[in-house]
Amino acid sequence: HLAFQFAHARARDAVHRELQIEPLRAGLGERGHECLVVHSAAGDRHIYLQRPDQGRRLDDDSRQRLAARGGEAGFDAAFVIADGLSALAIQNNVLPFFDVMLPRLVEEGWRIAPLVLVQQGRVAIGDEVGELLRAAIVAVLIGERPGLSSPDSMGIYLTYAPRVGTADAQRNCISNVRPDGLSYDEAAHKLHYLLGE
């Protein structure tokens with residue numbers, strides 16, 4: 001009974017926890033990755049949990065800033081990092097996953113957009129980000145809904161030709177990325193394959 005209560009409390013805390021932006025941005029910067037911080041239309045965590053639709057779209061300021069970065073040529077791929085329903089998953093898994101994934105793409109000459117860190121974001125927000133940045137493909141790294149045994153599970157949702165209004169059926173998903181689930185190497189291998197295809 002106590003073990004169940006503890007697991008439930010960890011899952012609940014993961015849902016309500018705020019993403020620590022600055023340590024994540026600093027870690028990405030130390031690795032040489034430019035990072036843009038934007039916000040969904042959900043003004044705070046309470047609204048985000050009550051109004052999923054607002055978590056799927058950018059606020060006006062973020063939309064304007066990303067549109068200015070799109071440029072004429074666009075990018076081969078864009079990576080969106082969103083807190084989703086577990087900021088803990090993002091805090092724990094994004095940096096080690098990128099340490100495995102991004103060097104492969106850089107070595108192959110992929111034109112990667114600045115990494116976009118979205119506060120109060122859901123999966124579909126990647127469609128708008130990808131469209132504004134004129135990216136051929138968008139990959140959204142997001143905290144998955146916590147289970148009783150996995151409050152820190154990260155999902156990766158891949159969408160080709162992202163556009164606002166894209167249906168979930170048009171995405172590929174790699175789930176349960178974390179040390180106790182799908183390893184970073186395995187997840188990077190799967191994502192690399194899908195990107196290439």
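Note that this is a predicted model, so its numbers are computed, not measured.
Taking CG of Leu66 as the reference point, atom CD of Gln64 lies at 10.5 Å (rounded to 0.5 Å). Here Asp168 contributes atom CG and Cys173 contributes atom SG; the two are 9.5 Å apart, rounded to the nearest 0.5 Å. The CG atom of Asn172 sits 8.5 Å away from atom OG1 of Thr159, with the distance rounded to the nearest 0.5 Å. If you take OG on Ser40 and CZ on Arg51, they are separated by 11.0 Å, rounding to the nearest 0.5 Å. Taken to the nearest 0.5 Å, the CG atom of Leu132 stands 13.0 Å off from the CZ atom of Arg69. Atom CG of Leu88 is separated from atom CD of Gln91 by 8.0 Å, given to the nearest 0.5 angstrom.
No side-chain heavy atom of Leu141 sits under 4.5 Å from any side-chain heavy atom of Val80. Contact of the Ile137 side chain with the Asp76 side chain is not registered, since no non-hydrogen atoms from C-beta on lie closer than 4.5 Å. Using a 4.5 Å cut-off on side-chain heavy atoms (C-beta onward), Asp83 and Ile142 make no contact. By the 4.5 Å heavy-atom criterion applied to side chains, Leu85 and Leu49 are counted as neighbours. Put simply, the side chain of Leu19 reaches to within 4.5 Å of the side chain of Ile21, judged on heavy atoms. Looking only at side-chain heavy atoms (C-beta outward), Asp127 and Arg163 stay at 4.5 Å or farther from each other.
The hydrophobic clustering, which links ILVMFWY residues whose side-chain heavy atoms are closer than 4.5 Å, places Ile156 and Leu95 together. Using a 4.5 Å cut-off between side-chain heavy atoms of Ile, Leu, Val, Met, Phe, Trp and Tyr, with links allowed through other members, Leu195 and Val177 fall into the same hydrophobic cluster. Clustering ILVMFWY residues whenever any of their side-chain heavy atoms sit less than 4.5 angstrom apart, transitively, puts Ile112 in the very cluster that holds Val94. Ile125 and Val37 are not part of a single hydrophobic cluster, where members link through side-chain heavy atoms under 4.5 Å apart. In the hydrophobic clustering of ILVMFWY residues, with side-chain heavy atoms under 4.5 Å counting as a link, Val123 and Phe79 come out apart.
Crowding of His39 atom NE2: a count of heavy atoms from other residues, nucleotides or ligands under 6.0 Å exceeding 12.
Side-chain atoms of Ser86 and Glu144 include no donor-acceptor pair closer than 3.5 Å. No side-chain N or O of Arg178 forms a donor-acceptor pair with one of Ser153 less than 3.5 Å apart.
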Solution key, residues 96-110 side-chain donor-acceptor pairs under 3.5 Å, sequence neighbours excluded:
| residue | atom | partner | partner atom | Å |
| --- | --- | --- | --- | --- |
| Asp99 | OD1 | Arg31 | NE | 2.6 |
| Asp99 | OD2 | Arg31 | NE | 3.4 |
| Asp99 | OD2 | Arg31 | NH2 | 3.3 |
| Glu108 | OE1 | Trp110 | NE1 | 3.1 |
| Glu108 | OE1 | His192 | NE2 | 3.1 |
| Glu108 | OE2 | His192 | NE2 | 2.7 |

Show me the side-chain donor-acceptor pairs of residues 114-122 shorter than 3.5 Å, one per line, residues at least two apart or across chains.
| residue | atom | partner | partner atom | Å |
| --- | --- | --- | --- | --- |
| Gln120 | OE1 | Arg45 | NH1 | 3.0 |
| Gln120 | NE2 | Glu18 | OE1 | 3.3 |
| Arg122 | NH2 | Tyr48 | O | 3.0 |

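Sorted by first and then second residue, the ring-ring contact (aromatic ring centres under 6.0 Å, His included) pairs involving residues 156-185 (not counting sequence neighbours) form an empty list. Pairs passing the salt bridge (Lys or Arg N to Asp or Glu O under 4.0 Å) check and including a residue from residues 184-197, sequence neighbours excluded, do not occur.
One finds no salt bridge joining Arg25 and Glu30 here, because no Lys/Arg side-chain nitrogen approaches an Asp/Glu carboxylate oxygen to under 4.0 Å. Between Asp53 and Arg56 there is no salt bridge, since no side-chain N of the basic residue sits under 4.0 Å from a carboxylate O of the acidic one.
Residues Pro162 and Gly130 approach most closely at CG-CA, 3.8 Å, considering heavy atoms. Minimum interatomic distance between Ile90 and Gly143 (heavy atoms only, all atoms of both residues): CD1-N, 3.6 Å. Scanning both residues, Thr166 and Arg171, for their nearest heavy atoms gives O-NH2, 3.4 Å.
Gln50 places no side-chain N or O within donor-acceptor distance of the main-chain N or O of Ile47, the cut-off being under 3.5 Å. Formation of a donor-acceptor pair under 3.5 Å by the Asp152 side chain with backbone atoms of Ala89 is not found in this model.
Partners of Asp61 according to the side-chain contact (heavy atoms from CB on, under 4.5 Å) rule, which considers only residues two or more places apart in sequence or in another chain, are Asp59, Arg65. For Ala78, the side-chain contact (heavy atoms from CB on, under 4.5 Å) test picks out Ala113, Leu133, Ala135, Val138, with sequence neighbours left out.
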Query raised in the report: Are Ile81 and Leu28 close enough, and set up right, to give a side-chain contact (heavy atoms from CB on, under 4.5 Å), and what steps lead you there?
Result: CA-CA 11 Å; Ile81 306 159; Leu28 292 167; 4.0 Å; yes

